[in-house]
Structures are given as structure tokens and as C-alpha cells.
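Written below as C-alpha cells is the structure these notes are about.
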Amino acid sequence: MAPLILDGKTLSKKTEALLLEKSTELKAKYGFVPVLATILVGSDPASCTYVRMKKNACQRVGLDSMSVEMDESTTTEQLLAKIHELNRDSRVCGILLQHPVPRHIDEKACFEAIAPEKDVDGVNTATFGRMTMGSFAYKSATPYGIMSILEEYGIELEGKEAVVIGRSAILGKPVAMMLLNANATVTICHSKTKNLPEVVKRADIVVAAVGKPRFVKAEWIKDGAVLIDAGYNPGNVGDIDLENAAAKSSAYTPVPGGCGPMTIAMLMKNTMESAEKACKEASKK
């Protein structure tokens, strides 16, 4: 039987259609158009492309976008001042600091400065802690997109063995915690993991998030495993050798068209939820 293609592109369009309905309702009921503020420091071409994609997504779902462009020479203190300014702006319901920032900037300090109620990309420690402990928090966009794909296609997680390859703060670690909270048994692998192929062979669900093209080989994959490829590398290839591994799987996310579109859709969803909360709080005053 052919594996199921976990189509994130189609799901993202479905999600965006629902978000457009919500933004229309917010405008009609409260006269309020939510704003997503995106901060770009420097002129990295890939980052510029991502910011443009997010701006286009805002237009599709009825959000206003605020593009904050700062010079390459911007200091940590200047960036922190801008973040605090956006935290105070009642129009802004979400703040996104485009990664990476120039090396001389303390990126972690800047992520931490984003108010949790506006941390729609789920990048600060408070947000991660709340999510991990099962309290309300805006989930990191790519992991949230992965979980939404698994839910949409009815992929069973409870009791399954999931292997996450990669431990980044915005992808590997949060998706591992989300899978754990969904009652999967989770192993997090990284550059120091011994016998990685043998560990991956145990997995019912493989999440690859290492940023290395075709890193995960077909021979590592157990027959019938679900493959979630969160990588995107030059040449439109992911972190899994899907050309050879997909046939062994029961389901997989394609590259492109899998996790990528859902990342932006979940960022929009988090921003809309932040806006709804802000409107309800304002209406009580």
C-alpha cells in the first residue's frame, strides 16, 4: 500500500481560510485589525524572503503586518528598546524576531524580552516552560505545525515511540515536549548520540530537524514508520532521504509542501488567538 502524503500545503490553506473568517469577525465586532510585528536586523537574503512570506500570509488572513527593519550595526540595547516599544503597543498582538540576528547581538536576551502574551513564535523560556508543563502558551510555530499535521491525518501518538533528531530550542526540544504531552515515548537524538541508526530504527515516528540534506538514510527507517521531515536545504531537499525512505513509511511529509507551509500558518494562528484574547480583555474594561 502506498504511503500517505501528509500534505501541509493543503492544510495550511484550510487553516488560513478559517483565520480569515476570524479576522473578519474581530473587525466587525471590535473594529480591531490585529498587527504582527516582524523585526529584521540586517539584510540576510533568506531572512528577507521569510519576512516577505510572513507579510503575504498576514494579508491572506486579514492581519496587518508591521515590518521593523534595523541596520546590521544595531546593538543589543537598541534591539531590546524596540522590542519593549512593541510590547507596549496595544495594536501589536504578535512579535517575531527573525532568526538569525547578527552575531554581535545577544539573541537569547532579545527573545526573552518579548512579552509572553505576544510571543507568537514561542521563542522565550517562559513560553517553553509553560508549554512543557501543560499550561497555556503560544507554541513554537514549526513544532505546532507538525502536531497539527499529525492530528489532521489521524496519526496515532499515544504509546508510540518517537525519535526526534535535533535539539534546537525552537524545533527539536519543543516538538519533543509536545509529543511527550501527547503520550508518545520520546527519544531526543543529537550530534553526541551513539549508534544513531539503531536508535532511529526503533521509531514509529521519526522527526528530522538537523539542517543537513538527506541526513537520515532509508536503511535507518523501520517499515511503516511515520516520517516528519522538518528540514529544508538547498535544492528543495529535506533532512531525510525521502526519495528512498518514503516507500518504507506509512506516511511522510513531503519537501517542499509539508512542514514549511504549516510553520507560517501556525504563526498566523497564534497571532489571531493573541488578538482574540486582547479584544476580550479590552471589552471587560
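The structure presented is a predicted model; accordingly, all values stated were derived computationally and were not measured.
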**Item:** Backbone N/O of Leu96 and side chain of Asp121: donor-acceptor pair under 3.5 Å
**Value:** no
**Asked** More than 12 foreign heavy atoms under 6.0 Å from CD of Glu219: is that the case here?
**Response** yes
**Same apolar cluster: Val41 and Ile170, side chain cutoff 4.5 Å** = yes
**Message:** Keeping Asp119 on the side-chain end and Phe111 on the backbone end, is there a donor-acceptor pair under 3.5 Å?
**Reply:** no
**Asked** Considering all heavy atoms of both residues, which atom of Val186 and which atom of Leu180 are nearest to each other, and what is their separation?
**Response** CG2-N, 3.6 Å
**Asked** What distance do His190 atom NE2 and Ile165 atom CD1 have between them, rounded to the nearest 0.5 Å?
**Response** 11.5 Å
**Item:** Tyr138 six-ring centre to Lys269 NZ/CZ under 6.0 Å and within 45° of normal
**Value:** no
**Message:** So, taking the atom named OG in Ser23 and the one named CD in Glu276, what distance separates them when rounded to the nearest 0.5 Å?
**Reply:** 10.0 Å
**Request:** Show your reasoning for whether salt bridge (Lys or Arg N to Asp or Glu O under 4.0 Å) applies to Lys14 and Glu152.
**Result:** CA-CA 11 Å; Lys14 177 180 174 182; Glu152 173 73 10; 3.1 Å; yes
**Request:** Find out if a path of hydrophobic residues (ILVMFWY) with successive side-chain heavy-atom gaps under 4.5 Å connects Ile39 to Leu63.
**Result:** no
**Asked** Counting heavy atoms not belonging to Gln59, are there more than 12 under 6.0 Å from its CD?
**Response** yes
**Request:** Before accepting this row, confirm whether a basic side-chain N of the pair Lys13/Glu16 lies closer than 4.0 Å to the acidic partner's carboxylate O.
**Result:** no
**Request:** Report the C-alpha distance between Leu86 and Met66 in whole Å, list the side-chain angles of each, state the deciding distance to 0.1 Å, and finish with yes or no for side chain to side chain contact (heavy atoms under 4.5 Å, CB included).
**Result:** CA-CA 10 Å; Leu86 294 172; Met66 178 190 296; 3.7 Å; yes
**Asked** Any link between Val226 and Tyr144 through a network of hydrophobic side chains (Ile, Leu, Val, Met, Phe, Trp, Tyr) touching at under 4.5 Å?
**Response** yes
**Prompt:** Counting only heavy atoms not in Arg91, do more than 12 fall under 6.0 Å of its CZ?
**Reply:** no
**Prompt:** Can you get from Val163 to Leu196 by hopping between Ile, Leu, Val, Met, Phe, Trp and Tyr side chains that sit under 4.5 Å apart?
**Reply:** yes
**Short side-chain to backbone donor-acceptor contact, Asp106 and Ala109, under 3.5 Å** = yes
**Prompt:** So with a 6.0 Å cut-off around NZ of Lys55, is the heavy-atom count from everything else above 12?
**Reply:** no
**Prompt:** Can you list the steps and then say if Thr125 with Glu112 is a side-chain hydrogen bond (donor to acceptor under 3.5 Å, both in side chains)?
**Reply:** CA-CA 7 Å; Thr125 303; Glu112 294 297 311; 2.6 Å; yes
**Request:** Assess whether side chain to side chain contact (heavy atoms under 4.5 Å, CB included) is satisfied between Met70 and Lys82, documenting all intermediate values.
**Result:** CA-CA 10 Å; Met70 305 184 76; Lys82 176 55 68 174; 4.2 Å; yes
**Prompt:** Which pair of heavy atoms, one from Ala162 and one from Leu179, lies closest together, and at what distance?
**Reply:** CB-CD1, 4.0 Å
**Request:** Start with the C-alpha gap between Met147 and Leu157, add the side-chain angles, then the distance that decides, and say whether side chain to side chain contact (heavy atoms under 4.5 Å, CB included) holds.
**Result:** CA-CA 10 Å; Met147 298 303 290; Leu157 299 177; 3.8 Å; yes
**Prompt:** Is there a donor-acceptor pair closer than 3.5 Å between any side-chain N or O of Thr271 and the backbone N or O of Leu36?
**Reply:** no
**Asked** Counting N and O atoms only, with roles assigned by atom type, does the side chain of Thr142 sit under 3.5 Å from a partner on the main chain of Leu171, one being a donor and the other an acceptor?
**Response** no
**Asked** Are Lys201 and Glu198 within salt-bridge range, i.e. N to O under 4.0 Å?
**Response** yes
**Prompt:** Would you say the side-chain atoms of Asp239 pair up with the backbone N or O of Gly211, donor to acceptor, closer than 3.5 Å?
**Reply:** yes
**Prompt:** Are any side-chain N or O atoms of Glu21 and backbone N or O atoms of Leu18, one a donor and one an acceptor, separated by less than 3.5 Å?
**Reply:** no
**Asked** With ILVMFWY side chains joined below 4.5 Å, transitively, what does Val237's cluster contain besides itself?
**Response** none
**Item:** Asn124 side-chain N/O to Ile114 backbone N/O, donor-acceptor pair under 3.5 Å
**Value:** yes
**Request:** State which residues pass ring-ring contact (aromatic ring centres under 6.0 Å, His included) with Tyr30; sequence neighbours excluded, sorted by chain then number.
**Result:** none
**Asked** Under the 3.5 angstrom rule, does the side chain of Ser274 hit a backbone N or O of Cys93 as a donor-acceptor pair?
**Response** yes
**Prompt:** Which heavy atom in Gln78 sits nearest to a heavy atom in Ser73, and how many Å separate them?
**Reply:** OE1-O, 4.3 Å
**Request:** Give a yes or no on whether the backbone of Pro256 and the side-chain of Asp229 come within a donor-acceptor separation of less than 3.5 Å.
**Result:** no
**Prompt:** Is it true that Lys9 and Asp7 make a salt bridge, defined as a side-chain N closer than 4.0 Å to a carboxylate O?
**Reply:** no
**Prompt:** Going by an N to O cut-off under 4.0 Å, is there a salt bridge joining Asp204 and Lys222?
**Reply:** yes
**Asked** About how many Å separate CZ of Phe215 and CD1 of Ile240, when rounded to the nearest 0.5 Å?
**Response** 11.0 Å
**Request:** Look at the side-chain heavy atoms of Ile, Leu, Val, Met, Phe, Trp and Tyr, link any pair under 4.5 Å apart, and say whether Ile146 and Phe128 land in one connected group.
**Result:** yes
**Asked** Between atom CG of Leu150 and atom CD of Glu156, what is the distance when rounded to the nearest 0.5 Å?
**Response** 12.0 Å
**Request:** Before giving the answer on side-chain hydrogen bond (donor to acceptor under 3.5 Å, both in side chains), spell out for Thr38 and Ser67 the whole-Å C-alpha distance, their side-chain angles and the decisive distance to 0.1 Å.
**Result:** CA-CA 5 Å; Thr38 303; Ser67 296; 5.9 Å; no
